Number of protein chains: 2
Amino acid sequence: MVVLFFSLDRKDGVNHMHNKEKQTDVIIIGAGLSGLAAARTLKKNGNTVTVLEAQSRVGGRILSTIIKGSILDLGAQWVSPHQHRIQTLIKEFGLTTTPTYKQGTSLYSLLGKKKRGLGNKPPFSPLSLLDITLIEHTVKNMLKSIGPAKPWEVPLGQKLDSLTMETWLDKKMFSKYGKAFYRQVYEEGLCGRLSEVSVLDILWNIKSTGSFNEYLSAEDEWITNGAQEIPNRIAEELGNNVLLNQKVWRIDWDETEVKVYTEEGVWFSKNVILAIPPTLTNRIVYHPPLPSSRDQLCQRIWQGSVIKCVLVYETPFWRIRGESGIAFNNYGPVKATIDGSNPSQKEGILIAFVTGEEARRLGELYKEERKIQVLNCISYLFGHEGLYPKEYFDKDWSADPWARGGYAGHFPPGVLSQFGEALTKPIGPIHWAGSETATEWRLYMEGALEAGERAAIEVIKKLT
Amino acid sequence: MVVLFFSLDRKDGVNHMHNKEKQTDVIIIGAGLSGLAAARTLKKNGNTVTVLEAQSRVGGRILSTIIKGSILDLGAQWVSPHQHRIQTLIKEFGLTTTPTYKQGTSLYSLLGKKKRGLGNKPPFSPLSLLDITLIEHTVKNMLKSIGPAKPWEVPLGQKLDSLTMETWLDKKMFSKYGKAFYRQVYEEGLCGRLSEVSVLDILWNIKSTGSFNEYLSAEDEWITNGAQEIPNRIAEELGNNVLLNQKVWRIDWDETEVKVYTEEGVWFSKNVILAIPPTLTNRIVYHPPLPSSRDQLCQRIWQGSVIKCVLVYETPFWRIRGESGIAFNNYGPVKATIDGSNPSQKEGILIAFVTGEEARRLGELYKEERKIQVLNCISYLFGHEGLYPKEYFDKDWSADPWARGGYAGHFPPGVLSQFGEALTKPIGPIHWAGSETATEWRLYMEGALEAGERAAIEVIKKLT
């Protein structure tokens with residue numbers, strides 16, 4: 001496809017050339033994993049596609065970087081052996097995975113105390129452990145009553161949507177450590193507060209992984225070559241069907257045609273797939289405007305706040321002391337850590353997540369000051385060696401104008417049961433992808449692939 | 001001010017002329033009541049202003065129309081005698097108010113039954129009335145512990161922010177009718193569900209009116225000349241400082257200068273005031289991007305769904321039967337009605353509000369079908385005469401691209417206590433107005449005025 005640029009008067013959408021070169025079957029907005037998966041599915045089916053990406057790179061919330069020979073992931077990184085789509089791509093592209101290092105003791109820094117536990121078992125009192133067992137039993141039972149698609153349609157889903165996770169957990173759990181641990185784990189996962197989501201938001205995510213046990217496998221391994229290899233390879237296949245630096249600002253649509261405006265031109269197609277975070281879909285101007293149910297849904301889905309920090313040390317010093325590098329922490333900015341060292345290199349890599357309010361607070365500091373606060377917290381958790389990494393990198397996803405948050409989008413109470421339908425329902429020629437719209441492994445890379453494929457199939461059915 | 005239009009290449013912001021004619025002290029985005037109040041305050045202080053309004057009219061969520069000699073309000077309409085800013089303007093512009101007709105019985109259509117009650121007293125059992133008295137007592141007590149500015153800063157505010165109004169009311173009230181009535185009143189007020197807001201969201205609104213009793217006076221009278229007379233008159237004073245049809249799409253800013261881009265040009269100033277609903281502030285592109293705390297706040301504030309319907313009958317037939325025309329209803333699309341007849345005319349005007357899910361459902365119907373469903377509901381409430389208005393008008397505020405909801409913006413749980421500060425905190429030269437940012441009569445026209453004046457004073461302090 002040859003792309004011709006021409007100047008565009010923004011005032012109206014009529015004084016452009018109707019350039020046949022810019023006509024494809026489907027336009028896809030966003031070259032994250034979901035948009036690329038949609039494009040790939042469509043291209044394999046023989047359709048012509050144009051992927052418009054605002055940034056100068058593909059990958060969206062996946063971002064790998066190579067520093068002095070080390071591949072570091074500053075965005076999505078982990079995969080589960082149960083995620084068949086991404087595992088297929090890993091094999092197809094000849095990539096490899098590394099099992100997450102989990103040997104030794106993990107650190108539970110909760111309620112002002114640091115405790116160590118082996119494996120997945122927190123070092124709490126029998127009563128707290130019973131509390132955790134019981135709540136997991138309750139969750140597993142509730143999961144039986146909701147489906148992975150439209151869980152708000154069943155009575156239990158409606159009920160769980162009217163309650164915040166905060167209120168529910170407070171009522172259901174009785175032990176101080178059990179509650180503190182569960183709160184810690186889920187707030188870190190949300191990159192927000194438990195009061196900000198309905199119980200259904202969290203349960204739907206768990207359900208979409210298959211089962212509670214599969215959900216626990218989500219961080220079992222990571223892509224050794226860097227997660228961005230996957231979007232890079234798909235984009236390579238798509239060649240010049242992927243256009244970078246194309247910031248879409250307007251979409252004109254009717255039942256038969258779509259015009260997509262970027263700062264550099266207008267693209268034409270019969271259908272468009274938006275594969276960007278829901279909150280960002282509302283930042284595009286639509287002519288005619290979208291129905292209220294869709295617009296107001298996206299007024300309500302929020303992205304979490306997260307800074308991912310990658311710390312490269314001379315050695316994985318925690319391992320020598322019999323520690324896994326895994327920490328849960330509610331004191332200081334770093335809420336969770338995990339070992340990300342590459343077995344083929346001598347360096348130790350510790351990955352630290354600053355989430356929620358702390359992410360917003362640290363995000364407004366100068367980088368050097370932020371680094372000091374992160375390292376102080378690491379040293380609180382892992383001792384003074386933590387203060388001296390060879391290299392420090394971080395990425396504030398909340399500040400990224402093309403993500404404006406991470407890990408993903410969540411639903412406050414009362415939203416899914418009223419607006420859930422509008423999350424994926426096409427509006428004329430406009431279709432919705434992105435991990436937030438998935439029903440399998442929602443909010444993971446696997447979910448991004450599933451959602452992209454689903455949106456592509458919707459369009460293929462219409463085109464044939 | 002002379003405005004010169006010139007074509008603008010959207011690709012970058014540098015190839016414009018630096019037109020001295022387009023330089024003012026302050027740019028105000030949005031010519032709703034709040035933006036106009038800000039402009040008026042600044043102009044009175046001797047500052048130069050430019051108000052950029054996207055639509056071809058001023059007024060924002062205030063919209064009056066004259067049909068066959070009758071002035072009808074399709075947007076904000078009522079005022080309280082306790083609202084001193086708007087009352088001052090009413091006097092200053094020589095306008096008048098009409099007391100809301102409240103004689104006779106009001107209709108309480110709840111739980112499948114229609115009951116009538118005199119005055120403000122619902123015709124419920126003594127137990128239900130006790131329940132209502134007790135909850136109001138509780139609310140009044142809680143109001144003593146929070147201030148009208150930053151109520152999230154006190155411990156009670158933090159606690160009330162973590163609970164949904166749904167959960168709280170369910171726990172605090174015990175009678176079926178008491179609960180149904182309270183739910184009805186507040187859900188109609190929110191134009192959403194009680195599970196969608198924190199208790200603090202509602203309490204802050206009440207607190208900002210002064211007291212629970214002043215809160216109850218909010219619909220005591222309406223502006224006989226049409227509420228839009230007020231923005232119209234202010235705009236008249238401002239003359240060609242108000243520019244219509246200027247859709248702002250981008251703001252470039254640093255500590256010393258602001259460039260505001262519309263589809264037709266670039267405006268320059270030292271400061272800008274955004275007087276538009278919070279969710280819409282996120283639909284502008286900022287260079288550099290706004291801090292996460294502000295962006296993510298506006299990902300979380302939602303506008304309600306509402307269609308305001310104005311029905312003009314030959315006579316106010318309900319009055320003849322000793323009815324006030326006031327109804328609370330949870331059966332069918334119309335959730336509330338009120339008499340809006342002009343005493344100087346023989347016609348009877350009934351105003352009906354379709355809110356929440358019903359507003360979104362009816363908003364997607366053809367106008368004729370929507371009208372039938374509204375009239376059927378009116379006839380259910382007021383008898384078959386309700387089926388035959390001389391005129392029917394409605395306005396779907398959720399569908400309006402420059403409002404995208406009504407009456408106003410609300411906060412889900414966990415938002416005010418984390419993000420409240422960012423609601424009004426200036427970001428460099430960017431200031432925030434709009435009724436949602438008010439601390440007096442939040443979400444009313446009075447709040448729009450207060451917020452506009454407050455933002456103007458912020459800027460004046462900086463300029464002097």
Side-chain angles (χ1 to χ4, degrees), chain A residues 5 7-12 161-164 166-167 192-198 247 249 261 263-264 279 282-286 288-289 291-293 295-296 298-305 356-357 359-361 363-364 396-401 404-405 409 412-415 417-419 422, chain B residues 7-12 161-164 166-167 192-198 247 249 261-264 279 282-286 288-289 291-293 295-296 298-305 356-357 359-361 363-364 396-401 404-405 409 412-415 417-419 422:
Chain A
F5 294 115
S7 178
L8 172 73
D9 183 342
R10 201 177 190 275
K11 197 176 171 190
D12 60 57
D161 190 50
S162 75
L163 284 175
T164 68
E166 170 88 25
T167 295
R193 282 195 191 166
L194 293 189
S195 58
E196 291 192 81
V197 291
S198 73
K247 299 169 178 55
W249 66 272
Y261 298 71
E263 299 186 354
E264 288 171 340
T279 196
N282 262 7
R283 302 186 187 187
I284 294 170
V285 180
Y286 301 85
S292 310
S293 52
D295 189 287
Q296 292 200 342
C298 298
Q299 291 179 25
R300 287 154 166 87
I301 303 179
W302 56 269
Q303 306 298 116
S305 299
E357 284 158 282
R360 292 189 295 276
R361 186 176 67 76
E364 292 184 22
D396 180 357
W397 287 96
S398 349
D400 185 319
R404 290 262 59 159
V415 176
S417 53
Q418 289 187 93
F419 296 91
Chain B
S7 176
L8 172 75
D9 183 342
R10 199 178 192 277
K11 197 176 168 188
D12 59 57
D161 190 51
S162 75
L163 285 175
T164 68
E166 170 87 25
T167 294
R193 283 193 190 169
L194 293 188
S195 58
E196 291 192 83
V197 292
S198 74
K247 299 169 178 53
W249 65 271
Y261 298 72
T262 74
E263 300 185 354
E264 288 172 338
T279 196
N282 262 7
R283 301 185 188 189
I284 293 170
V285 179
Y286 300 86
S292 311
S293 52
D295 189 286
Q296 291 200 341
C298 298
Q299 291 178 23
R300 288 155 167 86
I301 302 179
W302 55 270
Q303 306 298 116
S305 299
E357 285 157 282
R360 293 189 295 276
R361 186 176 67 77
E364 291 183 24
D396 180 358
W397 287 97
S398 350
D400 185 319
R404 291 264 57 161
V415 175
S417 53
Q418 290 187 91
F419 296 90

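Numbered from 1 within each chain, the chains take letters A, B, ... in sequence-line order. Just so it is clear, the structure is predicted and the values come from calculations on it, not from any experiment.
For the pair B:N282 and A:N282, the minimum side-chain heavy-atom distance is 4.5 Å or more. For the pair A:R193/B:P413, no side-chain contact is recorded, criterion being any heavy-atom separation below 4.5 Å from C-beta on. Side-chain contact between A:S292 and B:R404 is present, with at least one heavy-atom pair separated by less than 4.5 Å.
Here the side chain of B:R300 pairs a donor or acceptor atom with the backbone of A:Q303 at under 3.5 angstrom.
Residue A:D396 touches chain B through its side chain alone, counting heavy-atom pairs closer than 4.5 Å. Interface remark: B:S162 contributes backbone and side-chain atoms alike to the contact with chain A (heavy atom separation under 4.5 Å). Of the two parts of A:Q296, only the side chain, counted from C-beta on, holds a non-hydrogen atom closer than 4.5 Å to a non-hydrogen atom of chain B. In this structure, chain A has no heavy atom under 4.5 Å from any part of B:S198. With a 4.5 angstrom heavy-atom cutoff, B:I301 touches chain A only via backbone atoms. Both the backbone and the side chain of A:P291 come within contact range of chain B, judged by heavy atoms closer than 4.5 Å. If you measure heavy-atom distances from A:Y286 to chain B, you find no contacts under 4.5 Å at all.
Counting heavy-atom pairs closer than 4.5 Å to chain B, the top residue among A:G363, A:S417, A:C298, A:S398 is A:S398. The greatest number of non-hydrogen atom pairs below 4.5 Å with chain A, out of B:A359, B:G409, B:G304, is found for B:G304.
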Does the pair B:T164 and A:T164 meet the rule for a side chain to side chain contact (heavy atoms under 4.5 Å, CB included), with working shown? CA-CA 7 Å; B:T164 68; A:T164 68; 3.6 Å; yes

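We find the CZ-CH2 distance between B:R283 and A:W249 to be 15.5 Å, quoted to the nearest 0.5 Å. Atom CD of A:Q299 and atom OG of B:S305 lie 8.0 Å apart (nearest 0.5 Å).
Closest non-hydrogen pair, B:S195 versus A:G414, comes out as OG-CA, 3.4 Å. Nearest heavy atoms, A:S293 versus B:E364: OG-OE2, 3.0 Å.
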